[in-house]
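The structure under discussion appears below in the form of structure tokens.
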Number of protein chains: 2
Amino acid sequence: MAMHYLECIAISFGKPNTNCENSSYNEEINLNSISFNKLLFSKEISEMNILSANELTTLAYRKVKEMILSDELKPGQKIVQDKLALDLGISRTPLRSALQILEAEHLVQSIPRRGVIVRKISDQKIVEIYDCRIALECMAVRNFIEIATEKQILKFQKFFKNFDTEKPFDSKTYQEEDIKFHNYIIENCGNEFLTRLFQQGNLVLCISQIGLIRPPSETLLEHRAIIQAIGDRDIPKAVALAEDHLEKSKFLVMEKIERESLRKQNG
Amino acid sequence: MAMHYLECIAISFGKPNTNCENSSYNEEINLNSISFNKLLFSKEISEMNILSANELTTLAYRKVKEMILSDELKPGQKIVQDKLALDLGISRTPLRSALQILEAEHLVQSIPRRGVIVRKISDQKIVEIYDCRIALECMAVRNFIEIATEKQILKFQKFFKNFDTEKPFDSKTYQEEDIKFHNYIIENCGNEFLTRLFQQGNLVLCISQIGLIRPPSETLLEHRAIIQAIGDRDIPKAVALAEDHLEKSKFLVMEKIERESLRKQNG
DNA sequence: ATATTGTATACGGTATACAAAATATATGCA
DNA sequence: TGCATATATTTTGTATACCGTATACAATAT
């Protein structure tokens with residue numbers, strides 16, 4: 001049963017005289033018309049070079065994702081495709097494509113013949129995500145130290161330079177820096193698959209959605225300590241610090257769950 | 001700028017008198033008409049309760065995924081949507097939806113206005129996936145031992161019961177058992193997010209695609225040792241064994257990369 | 001007053017139609 | 001014959017139409 005589409009091997013891709021010559025097809029696309037939420041969509045974390053540029057699909061994907069992560073579309077809320085498509089100025093087809101992707105990312109749930117609703121990221125899920133991050137980021141720190149060039153280390157040491165415990169700073173900017181900091185390690189540890197896994201599962205973004213878990217005064221010192229240990233290429237110390245850093249935030253979320261569980265019991 | 005679709009909160013879901021009463025919407029759907037590749041699509045690993053039952057989309061998703069993982073659709077090959085849709089007996093719309101999902105899973109790459117091609121999973125990627133699996137599965141083993149009930153342990157100890165080093169056995173069946181074994185730990189360690197991450201990233205399936213890396217005679221003993229250690233609830237030992245088990249396979253793939261790299265240099 | 005059934009409407013899922021783009025083919029010219 | 005340009009064909013991406021199902025609401029029965 002030889003299927004006839006098996007014959008259509010792609011041999012002519014990347015030919016000269018196309019607008020894709022000599023470039024990776026993973027290149028990102030720019031849709032300047034959309035104004036991004038800087039925090040949630042900082043270049044490092046979600047230019048989503050995973051995705052291709054089905055222009056309107058990409059537009060819808062980004063916009064809807066932004067709406068979900070910024071709580072403009074609320075958990076449990078049903079997304080009425082006609083209305084949302086109208087609002088975005090596109091037809092339902094690309095919107096539905098975008099929703100398929102968001103469903104694969106688990107940000108949205110499709111119920112057959114009912115529609116698509118926004119998923120809720122429970123605190124329990126946040127704890128679970130933290131456990132995954134701890135496992136993966138510790139691995140990333142280890143590998144990063146092993147393979148990082150001096151140049152990479154130097155660039156890494158620039159993180160949080162502009163933040164000072166003395167004078168107050170914008171917490172949104174701080175959170176953005178936090179995201180970039182963690183992503184830098186992930187993206188430079190020599191494991192491309194890891195980067196993709198983080199993007200696919202929104203491991204960083206999902207947690208960021210609930211805002212800062214601990215005050216910068218606390219985490220800034222930890223970040224600095226991690227930077228120091230990595231600069232010294234002290235693997236055991238860096239891994240321990242990174243683990244502790246995430247573990248502490250996770251613990252706070254666990255405490256919150258505990259508190260709310262007790263409150264429920266006591267009425 | 002209050003958007004009008006914000007008002008359409010889904011409140012009436014799960015009403016009685018519908019055919020969805022009292023049931024989770026995550027329930028799986030059965031499309032008996034499709035014959036699955038048992039190995040690649042064993043119930044445990046990919047009934048994909050993540051996905052909703054857009055019936056034809058789901059059908060296309062499964063079928064195309066199976067075709068990719070079984071090498072019926074080969075890496076680099078272009079998927080001509082018209083032809084494939086015709087072959088599957090559906091229109092391009094649900095096929096395209098399926099391809100969107102597969103792209104999010106990175107099994108396929110979409111190039112704007114050119115088409116969709118099947119991605120190649122390089123040996124280098126396999127190594128990267130192994131690193132992620134080592135980090136995550138060690139965490140899973142630890143948590144599984146901590147929370148597993150006696151019943152779960154007992155069920156777990158049944159794995160590989162029917163395999164004997166003395167008499168030969170079907171390697172496909174063995175690989176299937178291997179997949180189930182690893183998935184059992186992942187799915188019972190109390191971290192639902194982890195399960196999803198494995199499904200989303202195809203962490204187990206991608207590696208299985210290249211077939212058995214080491215002979216069962218070797219891995220069977222390791223599997224048994226892990227089972228033993230978990231049965232004893234010996235966390236350090238179990239984690240060490242699990243890590244070693246994966247690390248050994250990873251090492252073989254790394255050696256293969258090395259060999260091929262040398263062969264290339266020497267012509 | 002409450003429950004039940006029937007009907008209207010809204011909405012989701014799929015197929016199809018159409019336009020834009022890319023690839024393949026043909027034509028003309030050196 | 002070989003290359004450049006023009007034309008035809010294929011194929012993708014988007015919009016829209018259609019159909020079936022789910023929900024809402026009203027009318028009727030209990």
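All chains are named by letter (A, B, ...) in the order of the sequence lines, taking the proteins before the strands, and each is independently numbered beginning at 1. The shown structure was predicted, so the numbers you read here are calculated from the model rather than taken from an experiment. Basis for what follows: all heavy atoms, side chains included, without hydrogens, waters or symmetry-related copies.
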Legend entry - Interatomic distance where NZ belongs to B:Lys83 and P belongs to D:dT12 [whole Å]: 10 Å

Inset, instruction - Assign B:Thr57 to base, sugar-phosphate, or nothing according to its heavy-atom contacts below 4.0 angstrom with the strands shown. - result: sugar-phosphate

Legend entry - Distance, rounded to the nearest Å, where B:Ile111 contributes CD1 and C:dA22 contributes P: 12 Å

Inset, instruction - Please lay out, stage by stage, how B:Lys125 and B:Glu128 fare under the test salt bridge (charged side-chain N to carboxylate O under 4.0 Å, His left out). - result: CA-CA 5 Å; B:Lys125 279 279 164 298; B:Glu128 292 179 11; 3.6 Å; yes

Inset, instruction - With sequence neighbours left out, write down each residue that passes side-chain contact (heavy atoms from CB on, under 4.5 Å) with B:Leu212, or none if nothing qualifies. - result: B:Ser171, B:Tyr174, B:Gln175, B:Pro216

Inset, instruction - List in chain and number order the residues that pass side-chain contact (heavy atoms from CB on, under 4.5 Å) with A:Asn188, two or more places apart in sequence or in another chain; answer none if no residue qualifies. - result: A:Phe144, A:Gln152, A:Tyr184

Inset, instruction - For C:dA10, take OP1 and OP2 only and decide whether either is under 4.0 Å from a side-chain N or O of A:Gln81. - result: no

Do any side-chain atoms of residues 258-267 of chain A form donor-acceptor pairs under 3.5 angstrom with protein atoms, and if so which ones, sequence neighbours left out?
none

Inset, instruction - Report the distance from atom CG of B:Leu84 to atom C1' of C:dA15, rounded to the nearest whole Å. - result: 16 Å

Inset, instruction - Quick one: list whatever passes side-chain contact (heavy atoms from CB on, under 4.5 Å) with B:Val118, sequence neighbours left out. - result: B:Ile68, B:Leu73, B:Ile79

Legend entry - B:Leu59 CG - C:dA15 P separation (whole Å): 11 Å

Inset, instruction - Calculate the interatomic distance between A:Arg114 atom CZ and C:dA10 atom P; express it in whole Å. - result: 19 Å

Inset, instruction - Rounded off to whole Å, could you give me the CG-to-C1' distance for the B:Asp82 and C:dA21 pair? - result: 15 Å

Legend entry - Nearest-angstrom distance from the residue atom CG of A:Leu99 to P of C:dC11: 15 Å

Legend entry - Separation of D:dA15 C1' from A:Leu95 CG (nearest whole Å): 13 Å

Legend entry - A:Ser91: partners by side-chain contact (heavy atoms from CB on, under 4.5 Å), with sequence neighbours left out: A:Thr93, A:Pro94

Inset, instruction - Report yes if a side-chain nitrogen or oxygen of A:Arg96 is closer than 4.0 Å to either non-bridging phosphate oxygen (OP1 or OP2) of C:dG13; otherwise report no. - result: yes

Inset, instruction - Find the distance between CD1 (B:Ile101) and OG1 (B:Thr57) and round it off to the nearest 0.5 Å. - result: 6.5 Å

Please list each protein N or O that sits under 3.5 Å from an N or O in nucleotides 16-20 of chain C, with the distance.
unit_1 : atom_1 : unit_2  : atom_2 : d
C:dT16 : O4     : B:Thr93 : OG1    : 3.4

